[in-house]
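First up is the structure itself, then whatever we jot down about it.
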Amino acid sequence: MTMRHHTIEVTESLTGETVKLKGWVQKRRDLGGLIFIDLRDRKGVIQVVFNPEVSREALETAEKIRSEYVIEVSGEVLKRDPSQFNDNIETGKIEVLVNEVTVLSKAETPPFQILDDTIGEDVRLKYRYMDLRREKLQNTLRLRHQINRSVRNFLDNEEFVDIETPVLSKSTPEGARDYLVPSRVHEGEFYALPQSPQIYKQLLMLSGMEKYYQIVKCFRDEDLRADRQPEFTQIDIEMSFMDQEQIMELNERLIQHVMKNVKGVDVELPLPRMTYNQAMGEYGVDKPDTRFDLKLRDLSEFSKTVDFKVFRSTVENGGMVKAIVVKGEAENFSRKDIDKLEAYVKTYGAKGLAWLKVKEDALNGPIAKFFNEDNQKELFDTLNLADNDLILFVADKAKVVHASLGNLRNKLAKDLDLITEDQFNFLWVTDWPLFEYDEDAGRYFAAHHPFTSPKAEDVELLETEPEKVKANAYDIVLNGYELGGGSIRIHDAEMQEKMFKALGFTDEERDEQFGFLIEAFKYGAPPHGGIAYGLDRLVMLLAGTDNIRDVIAFPKTASAGDLMMNAPSEVAPEQLKELHIELDVEE
């Protein structure tokens, strides 16, 4: 019996032998008497040849075969003439001369050609099972598998235990909207799909498990973007009796292990660290991309000395002035180009974008007249300016300045091709604020979640100056993306009570939403902490794409829809009745 071979297993060493292949027809070429088919399976592509001198019956069958038919062929392996080598495929030096062929499944004309990379995403998502036949996506899913396996191997060796937590849970405030599931048995009540296993993994620490992990589905009903999905996968890790330094050290070794095993990249340890304030101050974002320079420069003090009213008044009113220096590129930016950059920063709340160019050791531009000789000298010295530099300024509240220039910095790096794509820059961002103030709601919210512990030296500020309290929290960043975030948790019931009060919970709200956790803390809770990585985002970055939908087998659209399954969709009235739900739909 001839055993089946996969395409790339057929090599020159098998020349003259008979092989059996199974797969899809990627391309068919009829040269009048000879038919060539590119046969594709999960490992690659190989050319098979139908010649009437070998089998007239096989040729007649091949005449009826079309793209995406599933076939089985048997034949002799031949070495191609060197002039016919195909360097685009791994099997390009050989071909299979077919003596038998069986059509296993016919196919209608496909909605798009598998080799066509110009197909719109909506069509690709509607026919996702076809899209997944493409080599790029199959390789990405294998990369995802390799990352999963590498993570599991590392954590298993570190004596972590893989424990599943419930999918049907309780709705609690965690920053995004919950996906709710109505209960048939408990009329008028709802489960929530977990935004993360946060509370469960803390309870596992209270149970004495010490080292837990899980590669787990999470759900958040929030506005989507290219690197976000309504259902996503976390690498979730929690451990007891370890402090922040120990947790960060273990996770650095995890990153090093994954990068070496999956990408063959050596990551040097320890990873660089940066405080939250430094990240915001120098990069304008809390997840800085350090593969290029273009740092933000604070000119607030300098701006007090110039005659430009916009700068001066902004600083006097508690705002700031910052700038980005684009080295040696001034002549490549026309006024029209700068106007486009101004329109871009306005989307982040900036009122405008001031600019100057350096030409022949002098400042040129609309605001140059406001800078006297001393001002110009100080600016040259402070910013280390040289001929043909472009300086871009934003003056506003700190939040607006950082958002505007931080995002402009990333845009300029892409536009000017300053990024080395195969470079992987990891870093930790530490010393995060414990709270964020929401002006619309008029109250503080947890910057991470309500169970993150404050730094010991800031505890006394919880009731008086919560905006100054720093958290025992840490994010790991890769190339400008938040890869994972974690913290040391509160394990003391009294401290957790202070946190709930600082967040404005009433006693009733606290007991209703977290009573079970407070009760659990009464029976001995170990110090514990952990981290959660966005697996989809990690795969996206290692696969070299900027769209998270490329790394998920069956993703949702930007509007959280499934075009293939046509979900979400209406359900039968009987199903709603069982769930005690009545829709108020206008005729």
Derivation and outcome, side-chain contact (heavy atoms from CB on, under 4.5 Å), residues R4 and H6
CA-CA 7 Å; R4 180 200 175 188; H6 286 96; 3.6 Å; yes

Under the side-chain contact (heavy atoms from CB on, under 4.5 Å) rule, what do F160 and Q214 come out as? Steps first, then yes or no, please.
CA-CA 10 Å; F160 280 77; Q214 185 181 187; over 6 Å; no

Side chain to side chain donor-acceptor pair (under 3.5 Å) between T290 and Y283, intermediate numbers included
CA-CA 9 Å; T290 59; Y283 297 91; 5.9 Å; no

Please step through side chain to side chain donor-acceptor pair (under 3.5 Å) for the pair T118 and D116, ending with a clear verdict.
CA-CA 6 Å; T118 65; D116 188 351; 2.5 Å; yes

Checking R489 against S487 for the side chain to side chain donor-acceptor pair (under 3.5 Å) test, could you report, in this order, the C-alpha distance in whole Å, the side-chain angles of both residues, the deciding distance, and whether it holds?
CA-CA 6 Å; R489 323 302 186 188; S487 67; 2.7 Å; yes

Evaluate the side-chain contact (heavy atoms from CB on, under 4.5 Å) criterion for residues E252 and H257: first the C-alpha distance (whole Å), next the side-chain angles of each, then the deciding distance (0.1 Å), finally the verdict.
CA-CA 9 Å; E252 288 184 349; H257 175 84; over 6 Å; no

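In the model, N547 has a side-chain atom that pairs as donor or acceptor with a side-chain atom of E121 under 3.5 Å. Checked by atom type, the side-chain pair D337/S334 shows a donor-acceptor distance below 3.5 Å. A donor atom on one side chain and an acceptor atom on the other are not found under 3.5 Å apart for N148 and Q146.
Annotation: cation-pi pair K411/Y344 present, NZ/CZ under 6.0 Å from the ring centroid and within 45° of its normal.
Aromatic ring orientation, W432 versus H448: perpendicular (interplanar angle above 60°, classes split at 30° and 60°). The aromatic rings of H449 and F451 lie tilted to each other, with the angle between the two planes from 30° to 60°.
A salt bridge links D131 to R124: at least one charged side-chain nitrogen sits closer than 4.0 Å to a carboxylate oxygen. Between D236 and K201 there is a salt bridge, since at least one side-chain N of the basic residue sits less than 4.0 Å from a carboxylate O of the acidic one. Checked for salt-bridge contact, K351 and D396 meet the test: a charged N lies under 4.0 Å from a carboxylate O. The pair E68-R133 meets the salt-bridge criterion, with a side-chain N (NZ, NE, NH1 or NH2) lying under 4.0 Å from an Asp/Glu carboxylate O. Between K22 and D41 no salt bridge is recorded (no basic side-chain N to carboxylate O distance below 4.0 Å).
Counting only heavy atoms from C-beta outward, the side chains of R28 and Y69 never approach each other to under 4.5 Å. With a 4.5 Å cut-off on side-chain heavy atoms, N277 and M280 do not count as touching. Contact of the Y533 side chain with the T233 side chain is not registered, since no non-hydrogen atoms from C-beta on lie closer than 4.5 Å. Under the 4.5 Å side-chain criterion, counting only non-hydrogen atoms from C-beta, L143 is in contact with L542.
Applying side chain to side chain donor-acceptor pair (under 3.5 Å) to Q26 and the options E135, R40, Q47 leaves one that passes, R40.
Between the side chain of R409 and the backbone N or O of D293 there is at least one donor-acceptor pair closer than 3.5 Å.
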